[in-house]
Number of protein chains: 2
Amino acid sequence: MNPDLATLMHSALFSHLSRKAASTLAGSALLKTYLEGDVIFRQQEQAHFFCVVLRGYVRLTRTCDSGRIASLRICEPGDVFGECMLRAGPTYPYGAEAAENCVLAQFDLAAVRKLAEDDRSVDDAVMHVLSQNLLATLNCVAEDRLHTAPQRLAAYLLRTAQAERRQGVFRLPFRKSLLAAKLGLTPEGLSRAFALLKEHGIAVQGRTIRIEDSELLRSI
Amino acid sequence: MNPDLATLMHSALFSHLSRKAASTLAGSALLKTYLEGDVIFRQQEQAHFFCVVLRGYVRLTRTCDSGRIASLRICEPGDVFGECMLRAGPTYPYGAEAAENCVLAQFDLAAVRKLAEDDRSVDDAVMHVLSQNLLATLNCVAEDRLHTAPQRLAAYLLRTAQAERRQGVFRLPFRKSLLAAKLGLTPEGLSRAFALLKEHGIAVQGRTIRIEDSELLRSI
DNA sequence: CGAACGATTGACCAGGTTCAATCCACGTGG
DNA sequence: CCACGTGGATTGAACCTGGTCAATCGTTCG
């Protein structure tokens, strides 16, 4: 199977759809490619679609009146964003831009609402996605308030190493500045966090991370 | 109409239910009273119900391994919490406790899922609640990262004054330490924020707030 | 070889937390 | 009616984390 299609089907959205709804929805997907830095949609813009990331990374941002910008979330392949516009709105509450060259599947909001009328699994899948995104965002608040930068970084590294299953050595999936945004830090802040962790069981060589002592790391 | 019932009917959940589903669900509600400090449910506990606040305030908390505790959200009358357990789970991802004496309507998760099979407006209402809570939580992240304590306090005061419509003078609906938690601050931090705002168009007398210059306040 | 860009490092600063002491308002009991 | 105790709120001082700004380093790519 086409790897993009596989990613789509494994997303939290599609994995909860009926077979029929999945194929209908997949058929209605608009595949779009963005280059790093491209705007996908702007905060306050009328919402017409939501997305599933197939390749690359997307940054969701919030801009305040003063012009300052914060990253709210970094979406990876398989992640869904903008789905809350199915029931809230009418304008996007955050902006989305390509954090790397990326490929998205876009879904027309009205069309999905329509499909939901005929197939109940659509609402079910949407609720799963909403719940998942809500929990992830709550985690983010908790993480911000409870843990320091090195602790958050350590947690991320342990989590990712786990997923990669390459005991102890793996490569960051993206630039460090993106990781910084993901953890709610500046690049400088991330750098210092790495520096500190070097004394606590990890070695860093560019994007390559080696966890030398996961126990020590866990105890941060 | 009984004021508690009115609050329930105006909640984001019930305002999107069909008349029939609303009355069925209201009939199945379990009314419970908690005293300040009572635990409503614990983090990691098996989830059996979700709640709508009818009176008083509820604090949602996250505890980490080290024992440190952060407030994730303060729920007011009309707010819904724990609804994400309808599709996620199986254990609560946060704890809930009464921040004041309070009255809640509790709904059995399994019963609501069952009701949803017969009445589509249930899933619709749940999606609305999830979307709303997701957006509020995203706001919280953005607020934390973009604004300082005095800015967040100023925004809260302007928002609340707006809602109260008593031009310029109103009372905080709860203790200041609760407001601090709501804004993600310590009580000391809130105190200092108030102190600073006194130079910028507001006067504080216990729980009573007078906004003397809303323009000045807005410009913080 | 040089330009460009990401990453790192250092110095400095601001915002918030923590801890401790004090203040204040309120309710209780003498 | 007043003294006292309690709990929330405030204030001050020390500290810490992380952001900002600027300079430097290292790599990659032209």
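Chain letters run A, B, ... following the sequence lines, proteins first, then strands; residues in each count from 1.
Rounded to whole Å, atom P of dA7(C) lies 12 Å from atom CD1 of Ile209(A). Atom CD of Glu100(B) is separated from atom C1' of dG7(D) by 15 Å (rounded to the nearest Å). In this structure, the CZ atom of Arg207(B) is 12 Å from the P atom of dT10(D), given to the nearest Å. One atom, CD of Gln205(A), and another, C1' of dT8(C), lie 14 Å apart when rounded to the nearest Å. A straight line from CD1 of Ile69(A) to P of dT20(D) spans 12 Å, rounded to a whole angstrom. Following rounding to the nearest Å, Leu146(B) (CG) and dG19(D) (P) show an atom-to-atom distance of 12 Å. In this entry the distance linking CG of Leu196(A) with P of dA7(C) reads 19 Å, nearest Å. Here dT17(D) presents its C1' atom at 15 Å from CG of Leu153(A), a figure rounded to the nearest Å.
The distance from atom CD1 of Ile202(A) to atom CZ of Phe194(A), rounded to the nearest 0.5 Å, is 5.5 Å.
A salt bridge links Arg210(B) to Glu212(B): at least one charged side-chain nitrogen sits closer than 4.0 Å to a carboxylate oxygen.
The nearest pair of heavy atoms linking Leu146(A) to Gln151(A) is O-OE1, 4.1 Å. Minimum heavy-atom separation, Ala99(B) to Arg175(B): O-NH2, 3.0 Å.
Among Leu196(B), Ile220(B), Leu185(B), Leu179(B), the single residue meeting the side chain to side chain contact (heavy atoms under 4.5 Å, CB included) criterion with Leu153(B) is Leu179(B).
If you check dG18(D), dG16(C), dA7(C) against the side chain of Lys176(A), the one that comes closest is dA7(C).
OP1 or OP2 of dG18(D) sits under 4.0 Å from a side-chain N or O of Arg152(A). Here Arg68(B) reaches the OP1 or OP2 of dT18(C): one of its side-chain N or O atoms lies under 4.0 Å away.
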Could you tabulate the donor-acceptor pairs under 3.5 Å formed by side-chain atoms of residues 71-90 of chain B, not counting sequence neighbours?
| unit_1 | atom_1 | unit_2 | atom_2 | d |
| --- | --- | --- | --- | --- |
| Ser71(B) | OG | Arg59(B) | NH1 | 3.0 |
| Arg73(B) | NH1 | Val80(B) | O | 3.4 |
| Arg73(B) | NH2 | Val80(B) | O | 3.3 |
| Arg73(B) | NH2 | Asn133(B) | OD1 | 3.4 |
| Glu76(B) | OE2 | Lys182(B) | NZ | 3.2 |
| Asp79(B) | OD2 | Glu76(B) | N | 2.8 |
| Glu83(B) | OE1 | Asn133(B) | ND2 | 3.3 |
| Glu83(B) | OE2 | Asn133(B) | ND2 | 3.0 |
| Arg87(B) | NH1 | Asp124(A) | OD1 | 2.1 |

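In terms of polar N and O atoms assigned as donor or acceptor, the side chain of Arg192(A) comes within less than 3.5 Å of the base of dG10(C) in a complementary pairing.
Sorted by residue number, the members of residues 177-191 of chain B with any non-hydrogen atom under 4.0 Å from DNA chain D read Ser177(B), Glu188(B), Ser191(B).
Within the 3.5 Å criterion, the main-chain N or O of Arg42(A) finds a donor-acceptor partner in the side chain of Glu45(A).
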